Structure formats: C-alpha cells, structure tokens
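A quick write-up on the structure given underneath.
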Amino acid sequence: MRFTKAYIPTTKESPKDAQLPSHIYLSRAGFVAQVASGLYNFLPLGKRVLRKIETIINEEMAKCGALEVDLSFVTPAELWQESGRIEKFGKELLRFRDRKDNLFVLGPTHEEMMVSIVRNRVTSYKQLPLNVYQVKTKFRDEARPRFGLMRAREFVMKDGYSFHASTEDLDREFDAMEAAYKRVLERLGLTFRIVEADSGAIGGTGSKELMVLAESGEDTLAVCDTCEYGANVEAARRAPRSVIPEAPQADFARFKTPNIKSIEDLSGFFHVDPYYTLKAVVQRAVYTEGSELVCFFIRGCDELQEVKARNSIGAIDLVDATEAELAEIGLVPGFIGPLDQDKIRIVMDNDVRGATHMICGANEADYHFVGVDLNVMNESPFADLTAVQVGDGCPHCSGKLLHTKGIEVGHIFKLGTVYSAPLKAEYLDENGRSQPFIMGTYGMGVSRLVAAVIEQHHDEKGCIWTHATAPYLVNVMVSNIKEESHMAYAEELYASLQARGIETIFDDRKERFGFKMSDAELIGFPFTVIVGKELENGQVQILIRATREIITVEAADVLAKIEELSR
RNA sequence: CGGGGCGUAGCUCAGUAUGGUUAGAGUACUUGGUUUGGGACCAAGGGGCCGGAGGUUCGAGUCCUCUCGCCCCGACCA
C-alpha cells in the first residue's frame, strides 16, 4: 500500500475525550474514530488489525475442529423470554419493534440463538460433540461505556459454544479451548495469565478468564509469585495461614467494652491480634424477588469479598445495611455476634469454623464475649467469604500471592445444562432417553484485544504493534521523494518485500523527514526502512519500533535483515 | 441511575464573571514560493446555525428555562 493512496488520518493532538493510551493512540494514529458513546468506526488500519486477530482465532479454531457460523444480529425477543434472560439483562438489551410490531433485540451474546440452531436438529448422542462459533458484532447498551474500545457498547466478539453428551467430554473440550485460546494470545504476542474466575449467578461448574496484563486493566488478579496459579480476586483462594498469632488466654465471659466498636478498638482494648476477633458485616441482600438482611462473620484481620458473599446466598446484589435497619431488628452496630441470636440470617467464613479463643459481639451495647469457642456454630452455614490479600499463601504451592491488573479478553465457561434445560435442547442418549445438552461457552473480545495490544505495548511516541497484529510489518520511508535515485531504490525494495509476502506500506508522501518519522512511530509499524542520505554510501537504516533503535544496513541486505528481525 | 465537568472552525482551545464593531488563535486544508534527517518558513485564501429549542433585551456565544450530546467518579457490567 502506498501512503499517498491510503487513508490514514493521523493527528498531532489527541481527542479531548480520550484518557487511556490505547484510546489516545488508536485515535491519533487513525485506526478508529468515535461516533457516539461506546460506538467506534474502524478505519482502514483498524480494520486490518481486527482482521489479523480474527484470522489467528479462525486458524486456531480450525485446528480444534470448531465450526464457524454466522448468526443473525437481530434476534427475536421470544428466545430471550424463553431463557428468562430478557429480564436479567435488563436495559443492556437493546430492544425495538419491526414494522409488524414484533419485538426484537440486538444480540449481546448468542447462547439462545446457538441453542436454537442445534435443538431439534442435533437429536442423537452420535452427533456429539459439536463446537460452533462465530466472530460477530455484539451490542450491549452499557450504562456507562468507557475507556475507548475497552468497554464499547458495540464490539466484536468471538463466541463459541460446545455441546456434549457427558461432563467428561465437556471437560476435555474446555481444556482444548483453553489451550487454543492460549495459543491465540501467544501468537498475538501478548503477556497474559489464565485465571480462575467467578462463574457468577449464571452458575455452571467452572470458568476461567484470560487476562492480558496491563496497568489499566479493570480487573484485579491474585497471582502466585512462584507457580502458575492466578485468580480474579472475586474468586481467588489462599492457603491456610502458616503463621497463627499467639492465642489470648481467657475463659468464656461477657465483658464490658464501653464504646468499643471497631476491630481496631477491640484488638487494642484486649491487646489481642485482630485474628482472634470476629468481624460482623451486615448487608441487605437483594434477590430477584424481595430482599433481606444478612450478617457475614469473618476474622477481624480479613476483608469481606463481596462477590463471594453474594454467591454464598444466591443474591443479585448486596448493599450496606443502615443503622436504622439494624436498630429495627434489634442489633447494635459494633456489638453484633453470632451467639444466642436469631434476629438475622448469618453466614460464617470457612476460616472461623471451629475457631477458639475468639472475641465477638454480645448483641448488647457495650458488651463483648471473650474466650468464645465457635465450635458451637458448626451447624450454621459456612462459605469462603474473604478477600485474599497481598502476601497470602498460594493455595497450590509455597509461593506468595501478589496483586496485578488485567484486561479480560476471554472467558470460558462450563455451562452444563443451564441453557439447554430451560430451552429444552435435548438429544437421545444410548438408552433412548431424552437428555439436555451439556454445554460449554468460550468468548474472546476481538475489538477489545486491539486495545489490549496497545495498552500493553506503547510508549510516549505511540503504538508498538506486535509482529502478528501490525497493520503492516514494514514501512518503507523515503526521506525526500525528490531524490530520484532514492525513490527508485525504494520502489524496488517495496516490490521485493511484497513479492516475499511481507506486508509493506510505502511512505511516498511529499513530507519532511521528521513528519514522516513521527507518523511511523505514532502508527507503530514494527520496522521502518529509512531510505535517505545514507544511500550515497550504499546503506539504509531500519528503525526498530519496539526499542526505537536505528540500525544501519547495506542497501542490498535489507530484505534478509527484515526477514531475520521478523523471525 | 446518583455526583461532577464540558459542548465555539475538521482537530485542540480562547472569548462567557460585567450582553454591544464583521466571533478569534494554533493546527489541519487550498494556492504560490523557499526548504528537505525529527511534526519547517513566507505570502495569499476557503472554512462557523457559538449543541438544540424557547425566553429576557433595542441588541445574546455571553443572562434565564428546558432539552440533547460527550467525558470523568461511583452504582452497574452472564
């Protein structure tokens, strides 16, 4: 492609609405242009990157025997009513009516549609397994789109769905998809981590997220400094504590603790480690229908992890309880304990099961119990409720957990029969019995990956594309197009690079050296061959974008050098 | 959906507290000339419903009311 024939509108200034590096540079370098909140146009360069990522995904899917399909973007609302997700998705589902007044939605994900294309067609276990996918525009009417392409309303996602006759076969496919996704990210040249994730209210037996590591990531991950273990903090686990503080010696007693309400005050008052105090966190749990107050008990040294807490009781949402709500049911903030009270539903953290030497509220103003043996609570519900903290032990090895930020570019789920059962998507097993499909689902954010590459690879000059994602691998730049011999050499080099199948752009614009260099760095081609005054000595230079190093090579050896560098 | 901010040339922004010539700058664009290794210089041009509607006023980019859009923080985000 000749620059003079291309459409690459670069700008010196960044759009005022852009905050993130990916948003700023993708806009400035002419890859994308914003249309409205959460809506973007992909310009020629952006489209090339998108297609490259898509191609790599398609190639890896083909290796796994997954079949590409293309489902309608506009989907009848009935399907969503059938699965019950029309309410669940709420306003994120963009709905509208056609001329005949039928209700439709723009597909935000395609579980329902995918199930509908196999149900009543795939009818026998002999036709299983089946893995179908598409790379398609999705639309979610997000309450607050932000961060440029990272959280757009309209975006491109690869969504795949597999159908199985057994959980063992689903497990096999799930592992195969994890491996395929890993290969995709490796080929794209990204640094990433595959982490355990919260499966959410959608259920299923397991899910993993693919996280591209970047400062600007929206998700916090707990990762082991030694082994491969990583998890979204929403789902992270930790090893049992290795260092247990010395236990306070006290017989069970009710103790006057005037105005001692916080864990800090309490541990100070009794001179005990917060480990031996019991923290009560009261939340109003909101369900599909109705709500109730729930008290979560965890050790004083721990923090409640909200997603875990929510999952432990199947709530949709948790909101802080007000003092008035507590007073209404007769609880005194600061003095709430699990013993001898039936005023509120409680959930205990796994780590306090059988705990002894504890201090907890006595459910009476200005009184705590000391020397509590929580074995008396063994009949109450327990769950993992706590957030892992930096320095906690890895659950798989002797390493320590660290926190890092990630961009979620993929999420794979073992769905089981969550969709197939309500949608009555069934097949006949060996015994002629009707069974719902056992399903898996595998998503990858294609347009988000475009942004993720830049979040992970950029500098103060602009984009730094990896070899696999670059819109063009090589930029042949003539510093002064009036020099006929320079142009002649560049034309020849351009032709021979193309003949070798190397994607090349030829900067033949009538611009000054500095202007073209800045553009080359802003756009971020991996290699820019500078054809200029060095040619008098039979040499040209190559700018290596990643390091901004400029190397001088013999004019005759450029092709070989590029091939060597790009290997 | 709560809180905050911003809408003026393709882009980035002045101008709005205190209403008053023909609404400005930089950049980008067009033409001519001089330049040619890190976003050059000179000259001449084109480009605006001052987000929209209503109001106050002799007069509104500027004041009032309503609205629409965009961004940020939070809530939300299978």
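To find a chain, count down the sequence lines: A is the first, B the second, and so on, and within it residues start at 1. All figures in this text were calculated on a predicted structure; none of them were measured in a lab.
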Next on the checklist: So A:Ser37, base contact, sugar-phosphate only, or nothing? Heavy-atom distance under 4.0 Å.
Outcome noted: sugar-phosphate

Checklist entry - How do A:Glu534 and A:Arg140 order along RNA chain B: which one's closest nucleotide is nearer the 5' end? => result A:Glu534

Next on the checklist: Can you work out whether A:Ile530 or A:Ala36 has the more 5'-proximal nearest nucleotide on RNA chain B?
Outcome noted: A:Ile530

Checklist entry - Using a cut-off of 4.0 Å on non-hydrogen atoms, how would the nucleic acid contact of A:Ser14 be classed: base, sugar-phosphate, or nothing? => result sugar-phosphate

Next on the checklist: Check this for me: does any side-chain nitrogen of one of A:Lys136 and A:Asp70 sit under 4.0 Å from a carboxylate oxygen of the other?
Outcome noted: yes

Next on the checklist: If you count every heavy atom of other residues, nucleotides or ligands that lies below 6.0 Å from A:Glu215 atom CD, does the total exceed 12?
Outcome noted: no

Checklist entry - Does a distance-only test, which skips hydrogens and angles, find a donor-acceptor pair under 3.5 Å between the side chain of A:Arg151 and the base of B:C77? => result yes

Checklist entry - Do A:His23 and A:Phe31 have ring centres separated by under 6.0 Å? => result no

Next on the checklist: Within the 4.0 Å heavy-atom criterion, would you say A:Pro108 contacts the bases, only the backbone, or no part of the nucleic acid?
Outcome noted: nothing

Checklist outcome for this item: Checking N1-N3 plus N6-O4 or O6-N4 for Watson-Crick, or N1-O2 and O6-N3 for wobble, each under 3.5 Å, the partner of B:C1 is B:G74

Next on the checklist: Taking donor-acceptor contacts at under 3.5 Å, does the side chain of A:Glu13 reach the base of B:G26?
Outcome noted: yes

Checklist entry - When you check the glycosidic angle of B:A75, does it come out syn, meaning within 90° of 0, or anti? => result anti

Item to check | Whether A:Phe515 stacks on the six-membered ring of B:G39 base, 5.5 Å and 30° limits | outcome: no

Checklist entry - When all nucleic acid strands are considered with a 4.0 Å heavy-atom cut-off, which category describes A:Asp317: base, sugar-phosphate, or nothing? => result sugar-phosphate

Checklist entry - B:C29 pairs with which nucleotide, Watson-Crick or G-U wobble, both distances below 3.5 Å? => result B:G45

Next on the checklist: Heavy atoms only, 4.0 Å cut-off, all strands: where does A:Leu39 land among base, sugar-phosphate and nothing?
Outcome noted: nothing

Checklist entry - Taking CD from A:Glu142 and P from B:C70, how many angstroms apart are they, rounded to a whole number? => result 14 Å

Checklist entry - What integer distance in Å separates A:Glu460:CD from B:G39:C1'? => result 15 Å

Item to check | Ring geometry between A:Phe437 and A:Phe163 (parallel below 30°, tilted from 30 to 60°, perpendicular above 60°) | outcome: perpendicular

Next on the checklist: Both distances below 3.5 Å, Watson-Crick or wobble geometry, any strand: find the nucleotide opposite B:G38.
Outcome noted: none

Item to check | Between B:U36 (C1') and A:Asp507 (CG): distance, integer Å | outcome: 14 Å

Checklist entry - Between B:A40 atom C1' and A:Met517 atom CE, what is the distance in whole Å? => result 17 Å

Item to check | A:Gln34 and A:Asp17: side chain donor to acceptor below 3.5 Å | outcome: no

Next on the checklist: salt bridge (Lys or Arg N to Asp or Glu O under 4.0 Å), that's the test. Do A:Glu178 and A:Lys208 meet it? Break it down for me.
Outcome noted: CA-CA 8 Å; A:Glu178 179 180 337; A:Lys208 289 188 178 178; 2.9 Å; yes

Checklist outcome for this item: The correct set of residues in residues 482-491 of chain A placing a heavy atom under 4.0 Å from RNA chain B is A:Lys482

Next on the checklist: Tell me the interatomic distance from A:Phe147, atom CZ, to B:G74, atom C1', rounded to whole angstroms.
Outcome noted: 12 Å

Next on the checklist: Side-chain N or O of A:Lys91 versus OP1/OP2 of B:C1: is the shortest distance under 4.0 Å?
Outcome noted: yes

Item to check | Length of the line joining A:Phe89:CZ and B:C76:C1', which is rounded to integer Å | outcome: 13 Å

Checklist entry - Has the side chain of A:Gln541 got a donor or acceptor atom sitting under 3.5 Å from an opposite partner on the base of B:G37? => result yes

Item to check | Test log, rule side-chain contact (heavy atoms from CB on, under 4.5 Å), inputs A:Asn475 and A:Val529 | outcome: CA-CA 6 Å; A:Asn475 172 30; A:Val529 180; over 6 Å; no

Next on the checklist: Side chains of A:Glu455 and A:Ser216 only: does a donor on one sit below 3.5 Å from an acceptor on the other?
Outcome noted: yes

Checklist outcome for this item: When both distances are under 3.5 Å in a Watson-Crick or G-U wobble arrangement, the nucleotide paired with B:C13 is B:G24

Checklist entry - Going by modelled atom types, is there a donor-acceptor pair between the base of B:G37 and the side chain of A:Asn480 at under 3.5 Å? => result no

Next on the checklist: If we count only N and O atoms by modelled type, under 3.5 Å, do the side chains of A:Glu112 and A:Ser83 hold a donor and an acceptor together?
Outcome noted: yes

Item to check | Nearest-nucleotide pick for A:Lys16, side chain only, options being B:G74, B:U36, B:C6 | outcome: B:C6

Next on the checklist: Using a heavy-atom cut-off of 4.0 Å across all strands, would you classify A:Lys533 as base, sugar-phosphate, or nothing?
Outcome noted: base

Item to check | A:Lys12 NZ to B:G39 P, straight-line distance once rounded to whole Å | outcome: 9 Å

Checklist entry - Atom CE of A:Met150 to atom P of B:C77: distance rounded to whole Å? => result 19 Å

Checklist entry - Across all strands, who's sitting opposite B:U65 as a Watson-Crick or G-U wobble pair, both distances under 3.5 Å? => result B:A53

